[in-house]
Structures are given as structure tokens and as C-alpha cells.
Amino acid sequence: MGRLAGIHLFRGLEIDLPLYEARSNWRRFEPEEVLVDFDELSTDVYFLLSGEVRVLMRTASGKEIILNEMRPGEVFGELAALDGIKRSANVSALTRGEACVMPALVFKELLFSNRAVAERLFCLMASRLRELNAKFMEQTVLDLRHRLYSELLRLSVPRGDKGIERVITPPPFHHIVAARIGCRREQITREFTMLTQEGLIERTRGALVLRQPDVLKARVAEALRTDH
């Protein structure tokens, strides 16, 4: 099957993965290590086998905007492999982990010889584009408060099999949330205090609980309708 069998792009497909793995490299990394940096000319594709990484962009003034966090089974670096243009984002390790680093030529050979992989990659890229479009619209239309509601909903997952509550585990640091929606840490702290007083969120050991996510959804929907 090969070590890449657990990667989402390949899971459940009958592909001779060891054939491509033999032409790839394996990279172990430590927390805060930079795997890919802005404007690099490298075109390798990274398949995350273990650990977690963060994808971010940086403005000319040095302000950082977090785009995403990735976990085992995910892939990054495919854009540079396809178009050969400089890296557009920084990818740094959050934890210790390991990645398969596949040269662009090997990746494209794998991609173009397996239609199912190509279709999955197209769907993945379309999903990422839709999410970026949604975030761009929110950044343009919504004020800070409603951008925060939307981001909390995006980061959360259902709490248990039943009930309406959602949870973010581990609870996000305020400066990280600020970097995700483009504001200052102090603003996030103030909004979290208000949400706690309203009974809409609760911080427990190891988690941030959204106690009434439907209220947050309704507020975002109303803000998008009124467009202010």
C-alpha cells in the first residue's frame, strides 16, 4: 500500500504508491520549523504524515494573516508544483511531525496518470477557493464582531452526538484568532468577554464551547442581509 495510503488524496485508491515514494524524500520537523517560506522557488509537494502545520501570509509591513492549519493526511505546496511560480505563503510547524516531500515532476506524473487523484485534487482546490472567497466577502462586508462569530463557527465541531453546542479544541489563543480575521488581540479579548457575559461561549478545561451556535449563525446571516 505504501506510507502515503492514509493521505486523503489517495485513500481507498488502487495506486502503486511505493513507486512514487521511492522517488520522494521524507522530512521530520520540529515545532516552529519553517517548511515552506514566502517567495521560495521550490516546487516540491508536501504530504503531511504526522504533526500539524500552520499556513499564513505576511504583508509588506510584517502583519501576518493565518489562512489555515493542517493535520495529518493533508497536502500543501501543490500550486507551485503545477505552475512553477514562487511560493505564495509560509508553512511552519506547530508540532513535531513528518512529511513526504515529493518533487513536482513525480507529483505531476502521479496526478496525470491517475484520474481519480486528479479529480480529488481539483475538488480540494475548489473547496479551498470557495473558503477563501467566503473569507474575502466577510472581510469586505462584515464588521469585526461578525467576522469573529463566523470564524468561531468555522473552527468548531459539534459537541457530542446530540445537542446544539459546538466546541473548539484546544481553545484558540486570542492573538491567533486576531491573526485569522485581521484585527488586534485586545479587540478579540473584549469580544470574548461580551460573548461570555451573554452566555454564548464558555471556556472549559481544554476547550472553548459555543453554547448557542445558532444565535451566532443568525447574527452573521442578519449582518450579511443588512450589509453594514
Side-chain angles (χ1 to χ4, degrees), residues 29-38 48 51-72 74 76 88-97 128 130-160 163-224 228:
F29 53 82
E30 298 294 326
E32 300 185 12
E33 184 175 338
V34 175
L35 281 73
V36 170
D37 208 356
F38 303 97
L48 198 56
E52 298 183 11
V53 301
R54 173 172 291 146
V55 184
L56 57 85
M57 301 188 74
R58 186 178 297 124
T59 66
S61 64
K63 182 178 180 180
E64 294 182 345
I65 303 296
I66 295 174
L67 299 179
N68 198 10
E69 278 95 25
M70 293 188 171
R71 294 174 173 79
E74 299 194 68
F76 59 89
S88 59
N90 168 286
V91 181
S92 296
L94 294 173
T95 67
R96 178 179 294 142
R128 290 177 178 175
R130 290 179 191 277
E131 183 173 336
L132 286 173
N133 285 344
K135 288 184 177 181
F136 174 75
M137 183 186 68
E138 290 172 4
Q139 196 74 23
T140 304
V141 174
L142 299 179
D143 59 18
L144 180 153
R145 177 166 298 166
H146 292 90
R147 295 203 309 275
L148 173 61
Y149 298 165
S150 186
E151 190 66 19
L152 291 177
L153 290 166
R154 194 159 29 233
L155 291 173
S156 64
V157 296
R159 189 185 194 189
I164 63 171
E165 294 183 340
R166 296 179 66 85
V167 63
I168 304 173
T169 307
F173 291 110
H174 291 191
H175 72 279
I176 296 299
V177 178
R180 293 184 72 98
I181 66 173
C183 67
R184 298 191 306 276
R185 179 184 59 79
E186 295 79 7
Q187 293 173 297
I188 296 298
T189 299
R190 183 167 60 249
E191 293 297 331
F192 269 38
T193 298
M194 294 176 63
L195 286 169
T196 300
Q197 291 172 347
E198 288 185 85
L200 295 176
I201 66 172
E202 177 185 0
R203 187 179 180 116
T204 64
R205 180 178 295 181
L208 178 70
V209 181
L210 308 188
R211 301 191 62 187
Q212 299 182 59
D214 288 347
V215 173
L216 300 182
K217 290 178 185 177
R219 290 182 180 181
V220 172
E222 177 63 23
L224 288 172
H228 62 267

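Atom CG of residue L152 and atom CD1 of residue I188 lie 8.0 Å apart, to the nearest 0.5 angstrom. For the atom pair CZ of R211 and CD of E198, the computed distance is 12.5 Å after rounding to the nearest 0.5 Å. Separation of atoms CZ (F76) and CE (M70) is listed at 7.0 Å; rounding is to 0.5 Å. To the nearest 0.5 Å, atoms CG (L153) and CG (L216) are separated by 5.0 Å. Rounded to the nearest 0.5 Å, atoms CG (L155) and CG (L208) are 9.5 Å apart. Rounded to the nearest 0.5 angstrom, L144 CG and E151 CD are separated by 11.5 Å.
Proximity of a side-chain donor or acceptor of K135 to a complementary backbone N or O of L67 within less than 3.5 Å is detected. Remark: side-chain polar atoms of D214 are not paired, donor with acceptor, to backbone N or O of K217 under 3.5 angstrom. Looking at R159, its side chain never comes within 3.5 Å of a backbone N or O of V167 through a donor-acceptor pair. The backbone N or O of E30 sits less than 3.5 Å from a side-chain atom of E33, completing a donor-acceptor pair. Q187 places a side-chain N or O within donor-acceptor distance of the main-chain N or O of R184, the cut-off being under 3.5 Å. Between the side chain of T95 and the backbone N or O of E52 there is at least one donor-acceptor pair closer than 3.5 Å. Counting only distance, with no hydrogens or angles, the side chain of R166 and the backbone of P213 share no donor-acceptor pair below 3.5 Å.
In this structure, F38 places its CZ atom where more than 12 heavy-atom neighbours from other residues, nucleotides or ligands lie under 6.0 Å away. At most 12 non-hydrogen atoms from other residues, nucleotides or ligands lie less than 6.0 angstrom from CZ of R96. Counted within 6.0 Å of CZ on R145, heavy atoms from surrounding residues, nucleotides or ligands total 12 or fewer; the atom is thus considered open.
With respect to R54 and E64, no salt bridge is recorded, no charged nitrogen being found less than 4.0 Å from a carboxylate O.
In this structure, L56 and I66 approach most closely via the heavy-atom pair CB-CA, 4.0 Å. Closest heavy-atom contact between Y149 and L195: CE2-CD2, 3.6 Å. Closest heavy-atom contact between G51 and P72: O-CD, 3.1 Å. The minimum heavy-atom distance linking R147 with Q139 is given by the pair NE-OE1, 3.4 Å. Closest approach of A223 to L142, counting heavy atoms only: CB-CD2, 3.6 Å. Considering all non-hydrogen atoms of both residues, T169 and A207 come closest at OG1-CB, 3.7 Å.
Side chains of E138 and S150: a donor-acceptor N/O pair is present below 3.5 angstrom, by distance only.
Proximity of E131 to R154: side-chain heavy atoms (C-beta onward) are separated by under 4.5 Å at one or more points.
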Kindly indicate, with the supporting measurements, whether the criterion side-chain contact (heavy atoms from CB on, under 4.5 Å) is fulfilled by I181 and L148.
CA-CA 7 Å; I181 66 173; L148 173 61; 4.1 Å; yes

Going through the checks in order, is the side-chain contact (heavy atoms from CB on, under 4.5 Å) test met by V141 and F136?
CA-CA 9 Å; V141 174; F136 174 75; over 6 Å; no

